[in-house]
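Atoms within a ligand are numbered from 1 in the order they appear, just like the ligands themselves. The first residue of the sequence shown is numbered 1, and numbering continues consecutively from there. In this text the structure is predicted, and so the values were computed from the model without any measurement.
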Amino acid sequence: MAGLYIHVPFCKQACSYCDFYFVTRTKLIPDFVDRLVAEIRSHADFKWSDETFTTLYLGGGTPSLLKASDLQRIVAALEETFTLRLEEFTVEMNPDDVTADYLEQLADAGVNRLSMGIQSFDPQLLQFMHRAHTSEEAERSLKLLSESPIPTFTVDLIYGNPGQTVEQLQNDLDRLLAYDPPHVSAYSLTIEPRTRLGKMREKGKLQPPPDDKVATHAERVREALAGAGIQQYEISNYAKPGSEAVHNTHYWRHIPYLGLGPSAHSFWPEIQDDVYLQAQRWSTVRHIKPYLDSEGEAPVEETENLSQEELAEERIMLALRTKWGISEQELQQHYRFSWSDPQRQWIKQQLAHGMIASQDPLVLSERGRLLADSLTVDLLSV
Ligand code: SF4
């Protein structure tokens, strides 16, 4: 079992917070589709061509800038090259690209999940984020989604913006919940150095909100969504029971995935008798020009080799961000990893402090999950 990720690196304009790889030269889309189809076909005789791929995720960038006919070509090339038994086929979309016709064409191409980048309904915040869509387009896109033949969808929301009040956030949540979303990904705004917001902060023109305000926002998101039956299952992800994202959940469980397109990441472990021996993670070139100029497989920009111990530690870190956590039996079976005596002691202490909800499987409490990264560092370094 494995996943496929395709990076579509085109956007109409640059959102002020975005650190993903994209270009705004959308006239390159036809060349990109030709090159992507060639890249897919070049993978025909690799070890992964025998694997069964159960999830396909088109992310970006803005995959909804592709025509439905482009998508059909891409899917046809994937079907010729790989064994696909798609349980989940997700396409990321922006609200300004949605029409009823387009949604029907995507459904015909096999798409069964859409990921809509709403971020906010507030006109001022949309302007601050430099989003290409308006508040009205956000509402219209969700109405179309809830009436479309595509069975499920998720919505992205950003909270913790400078100057954003809890009332503004509540208004975003109320407007979102009116469309009964099965899944929501909610992220606190992060200001990355290479972005427009990063430059504003560098010049002293922007102050990120204090941590306690961001924590209040996070709590409001969790409570409002839980009130609508949409439960947190990972730090940034919330779903109604049974609507959890399959593709992303596979990332956290070390299921192999192959990334295609510029700046796409791949992860391929070597597994023997259910034991992860080691793994390789790599990313393709982060620029469109060398990607379009290359032939066959996309040029690789970075490669990382992970030992069994590193894999075990990463699996623990990812699992502690989720409601499922991880059992000691799974760590032993797949990674030959057992807790040391000081780690067992630490787990007992954190259980007493209310940071851990369950010892085996090891699951953080809601309070603990807010500090998941630093708690994991503590656990792995005792
Ligand atoms: S649409 Fe998405 S990928 Fe494109 S700039 Fe905005 S956040 Fe980044």
Side-chain angles (χ1 to χ4, degrees), residues 5-29 32-33 36 57-67 70-71 90-99 102 106 111 113-142 144-145 153-162 164 172 176 183-201 206 208 236-237 245 247-248 251 259-265 283-288 291:
Y5 172 80
I6 293 182
H7 192 79
V8 182
F10 299 98
C11 294
K12 287 183 189 161
Q13 63 187 49
C15 298
S16 57
Y17 56 88
C18 181
D19 192 32
F20 293 119
Y21 176 64
F22 66 91
V23 292
T24 49
R25 279 169 287 150
T26 50
K27 65 175 194 306
L28 293 175
I29 290 179
F32 165 76
V33 175
L36 178 66
Y57 192 103
L58 261 71
T62 313
S64 51
L65 290 177
L66 296 181
K67 290 190 207 133
D70 293 333
L71 200 71
T90 305
V91 173
E92 287 181 355
M93 299 196 91
N94 277 342
D96 40 322
D97 299 324
V98 184
T99 64
Y102 190 55
L106 293 188
V111 175
R113 185 171 183 269
L114 290 172
S115 174
M116 187 63 74
I118 296 286
Q119 319 311 356
S120 175
F121 295 91
D122 186 292
Q124 269 179 330
L125 285 177
L126 288 173
Q127 205 178 6
F128 167 75
M129 294 184 209
H130 203 238
R131 296 289 299 175
H133 69 269
T134 62
S135 180
E136 292 72 32
E137 283 169 329
E139 296 262 6
R140 189 184 58 90
S141 71
L142 289 177
L144 284 171
L145 264 196
F153 66 94
T154 177
V155 176
D156 281 358
L157 205 67
I158 296 183
Y159 59 86
N161 293 284
Q164 184 181 19
D172 271 350
L176 173 60
H183 187 286
V184 176
S185 296
Y187 304 96
S188 70
L189 181 80
T190 41
I191 301 180
E192 303 288 350
R194 283 189 296 197
T195 62
R196 184 193 287 214
L197 295 185
K199 305 240 158 54
M200 282 168 73
R201 185 172 63 180
L206 182 77
S236 307
N237 286 285
H247 184 84
N248 286 353
Y251 288 155
L260 303 160
S263 86
H265 287 248
S283 59
T284 53
V285 64
R286 201 183 146 100
H287 292 282
I288 188 78
Y291 177 75

- Message: Leu71 and side-chain contact (heavy atoms from CB on, under 4.5 Å): which single residue from Val33, Val111, Ile6 fits?
- Response: Val111

- Task: Give me the protein N, O or S atoms that fall under 2.8 Å of atom 6 (Fe) of ligand 1, sorted by chain and residue number.
- Result: Cys15 SG

- Sequence neighbours left out, what passes salt bridge (Lys or Arg N to Asp or Glu O under 4.0 Å) with Arg201? Give chain and number order. none

- Query: Under 3.5 Å, is there a donor-acceptor pair between the Tyr187 and Gln119 side chains?
  - Reply: no

- Task: Please write down residue, atom name and distance for the protein heavy atom closest to atom 3 (S) of ligand 1.
- Result: Gly61 N, 3.2 Å

- Query: Should you measure from each heavy atom of Tyr17, which atoms of ligand 1 turn up under 4.0 Å away?
  - Reply: 7 (S)

- Message: Could you tell me if Asp172 and Ser120 have a donor-acceptor pair between their side chains, going purely by distance under 3.5 Å?
- Response: yes

- Qualifying residues under salt bridge (Lys or Arg N to Asp or Glu O under 4.0 Å), relative to Asp70, sequence neighbours excluded: none

- Message: Applying salt bridge (charged side-chain N to carboxylate O under 4.0 Å, His left out) as the test, list every pair that has at least one member in residues 15-25; sequence neighbours left out.
- Response: Asp19-Arg194

- Message: Ring-plane angle category for His7 and Tyr5, please: parallel below 30°, perpendicular beyond 60°, tilted otherwise.
- Response: tilted

